[in-house]
Chemist: 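Right, I'll just put the structure down here and ask away after.
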Amino acid sequence: MHGAIGYLRADGRVGIRNRLLVAYLVECAHHVARVIAAPFAERGVELVGFSGCYPNPYAQDVMDAVCTHPNVGAVLLVSLGCEEFDRSRLHRTIAASGRPVATLVIQKEGGTAPTVAAGRAWIEKTLPELERVPRVPVSLADLVIGTKCGGSDGTSVLSANPAIGRASDLLVDAGATVIFEELGELFGCEEHLASRAARPELADELRAVMAKARRYYATMEHGSFGGGNITGGLTTVEEKSVGAYAKSGTRPIQGLLRPAVRPPAPGLWLMDMIPDGPVLWGYPNINDTTEVVELVACGAHLVLFSTGRGSVVGSAVSPVVKICANPETYRRMAGDMDVDAGRILEGRGTLDEVAAEIVAVIARVAAGEPTRSEALGHQEFVLGYKHFAPLGPACFPRPAAGGRPAGGRR
Amino acid sequence: MSAPALLRLAPEDDVAVALRPLAPGDPLGPEFAGLVLREPIPLGHKVALRPIVAGAPVRKCGVPIGRATRPIAAGEHVHVHNLASAVLVNALDHAEE
């Protein structure tokens, strides 16, 4: 990737953005955090947060991971004061990562106006510090790439999803780390997944998480399938799954992650986003953005996002590359799309050409070129409640000496 | 040369996918000789390539994507009115029926 210069973090990972996050730690602090961040929208300051007042280890882990993500250079935490989120732990985690961090507690600062003034002053003081982060060249082997789809239709399986699959193979072969997920859209693909497991014991884990996904959605009485999919020509969740699965390409699956667990080695990984234990708190993922956030929490520097119906979402932390499967949608919404994969349907390109274009776009975005959603100011972020049990040893490769960690230099 | 009309993703498939909006009478190309569309097929939607009996699995990309809920004729639009998931049915969608 000629010309891409990233931001070297103290943990050895390299970021492709250098964002300052303003993070609210309960919905009651959301407005204050938004007002603090608003004047700095053009200067790399983004808003993230967790709405819940009650504690949740998953949300705490995701916030830890997001606030120490390689694309993040500094964090301002905004707490109301009486919420149960462990702000001290998050502050310590960020400080230990070598990043500038401050915590403002609205009830201690004296309310909205004093907190806004203090927050903006801290950002003005901190932004120049971000300029001093060491810069190093970035290669594909430094990157963790997430893949997902949103607003799928009957064209997704023909163009954008298999093109992402071929790009995924190119990325893995170049030493990158790729993460796919969306277990609720892999029904019927269980044995295909298992046959690609890098180790026999992992195949059993993959079957087990897919069985969990079936149980979970059956209990909810609603799958990852909606009216927009139907309008777009998809009839069943199995049919949608065939398309979603195509995004994963053909390389072996190295292991199983869950949100906020970073892949310990390069290659292709599956993120299990279906909660463990009894069904609590509703749907596994209430919208596409929750899954983008989970990919980011696993360290994704960038997310490849396939859409047929036409999604516009971005991310507060990692650039989202929109790959449009449907040529009619592309013509209607070109300003939101980074790659026109639907041209394959009209004989104006091949899957291999679009896959090569996707890799070229990744290189340009890593070098600093904004994606369409970045240029349009998208900074979606949603985080809810979940429960996960720890991952078992079968999910990871057996420890080997001298392995290169994913997305890092140490 | 006109752009292709339909794509059969695997040889054993019961359905093909419309690569552009199609209407009865549209030429479908030599691969689909003998197939006559019975109704309009929007972009990305499916058309039956042969008769399918009620209850039979329907294949696309070489895998079953559900079961026919009633007999389907060749050239017919295949969608929620004649095909249902064998895995999950959304309860809320059902409640509206």
Side-chain angles (χ1 to χ4, degrees), chain A residues 152-162 184-192 210 213-227 229-246 283 308-309 325-329 331 342-348, chain B residues 1-10 12-22 29 39-48 52 57-70 72 76-97:
Chain A
S152 295
D153 70 13
T155 66
S156 301
V157 69
L158 307 176
S159 57
N161 288 355
E185 299 170 23
L186 293 172
F187 293 133
C189 308
E190 287 88 344
E191 287 308 310
H192 292 274
M210 288 306 300
R214 283 200 188 221
R215 283 196 306 274
Y216 206 99
Y217 284 105
T219 306
M220 297 303 307
E221 298 188 333
H222 200 286
S224 179
F225 188 75
N229 299 139
I230 292 172
T231 309
L234 296 174
T235 308
T236 65
V237 72
E238 303 94 292
E239 182 183 15
K240 184 179 182 181
S241 296
V242 174
Y245 178 67
Y283 298 126
R309 303 286 295 160
N326 184 320
E328 293 179 350
T329 302
R331 281 189 278 276
R343 69 182 197 265
I344 295 168
L345 274 57
E346 298 181 340
R348 294 182 287 111
Chain B
M1 191 189 78
S2 64
L6 282 176
L7 182 65
R8 185 203 302 244
L9 284 151
E12 64 268 39
D13 283 359
D14 301 302
V15 295
V17 182
L19 296 175
R20 52 187 160 84
L22 299 174
E39 52 200 325
I41 310 291
L43 169 65
H45 287 233
K46 299 174 289 300
V47 58
I52 302 167
V58 174
R59 288 179 179 278
K60 176 185 170 186
C61 291
V63 298
I65 59 166
R67 290 184 178 279
T69 54
R70 59 177 181 76
I72 305 173
E76 200 178 325
H77 187 203
V78 177
H79 205 11
V80 288
H81 59 289
N82 55 18
L83 173 64
S85 173
V87 175
L88 278 176
V89 175
N90 287 347
L92 293 175
D93 296 347
H94 251 7
E96 290 163 12
E97 285 169 7

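All figures in this text were calculated on a predicted structure; none of them were measured in a lab.
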Chemist: Below 4.5 Å, heavy atoms only, C-beta onward: do A:Pro327 and B:Leu43 meet side chain to side chain?
Modeler: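 Yes. Closest side-chain heavy atoms under 4.5 Å.
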Chemist: Tell me, for B:Leu9 versus chain A, whether the close heavy atoms (under 4.5 Å) come from the side chain, the backbone, both or neither.
Modeler: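 Just the side chain, heavy atoms under 4.5 Å.
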Chemist: Can you tell me how far the CG atom of B:Leu19 sits from the CD atom of A:Glu346, to the nearest 0.5 Å?
Modeler: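 Spacing of CG (B:Leu19) from CD (A:Glu346) equals 9.5 Å.
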Chemist: Given that the side chain runs from C-beta out, which part of A:Thr231 has a heavy atom under 4.5 Å from chain B: side chain, backbone, both or neither?
Modeler: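 Looking at A:Thr231, just its backbone touches chain B.
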Chemist: Please give me the minimum heavy-atom distance between B:Ser85 and A:Glu238, naming the atom from each residue.
Modeler: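 Closest heavy-atom pair between B:Ser85 and A:Glu238: OG-OE1, 2.6 Å.
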Chemist: Would you mind checking which part of B:Val80 comes under 4.5 Å of any heavy atom in chain A, side chain (CB onward), backbone (N, CA, C, O), both or neither?
Modeler: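 For B:Val80, backbone and side chain are both near chain A.
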Chemist: Sort A:Phe187 into side chain, backbone, both or neither according to what part of it lies under 4.5 angstrom from a heavy atom of chain B.
Modeler: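 Side chain only.
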Chemist: Could you have a look at A:Gly347, A:Gly232, A:Gly188 and say which one has the most heavy-atom pairs with chain B under 4.5 angstrom?
Modeler: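 Winner by heavy-atom pair count: A:Gly232.
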Chemist: Heavy-atom cut-off 4.5 Å, strictly under: side chain, backbone, both or neither for B:Leu83 against chain A?
Modeler: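 Both backbone and side chain.
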Chemist: Quick one: what part of A:Leu345 sits under 4.5 Å from any heavy atom of chain B, side chain, backbone, both or neither?
Modeler: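 Both the backbone and the side chain of A:Leu345 come within 4.5 Å of chain B.
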Chemist: If you measure from CD on A:Glu328 to CZ on B:Arg20, what distance do you get to the nearest 0.5 Å?
Modeler: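 CZ of B:Arg20 is found 11.5 Å from CD of A:Glu328.
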Chemist: For B:Val58, which atoms come within 4.5 Å of any heavy atom of chain A: side chain, backbone, both, or neither?
Modeler: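 Interface part for B:Val58: neither.
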Chemist: Given B:Lys60, which of A:Thr236, A:Val157, A:Val242, A:Thr235 fulfils the side-chain contact (heavy atoms from CB on, under 4.5 Å) condition?
Modeler: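 So, applying the side-chain contact (heavy atoms from CB on, under 4.5 Å) to B:Lys60 and each of A:Thr236, A:Val157, A:Val242, A:Thr235, only A:Val157 qualifies.
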Chemist: Quick one: does B:His45's side chain have a donor or acceptor within less than 3.5 Å of a partner on A:Gly154's backbone?
Modeler: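 Side chain of B:His45 to backbone of A:Gly154, a donor-acceptor pair under 3.5 Å: no, none is there.
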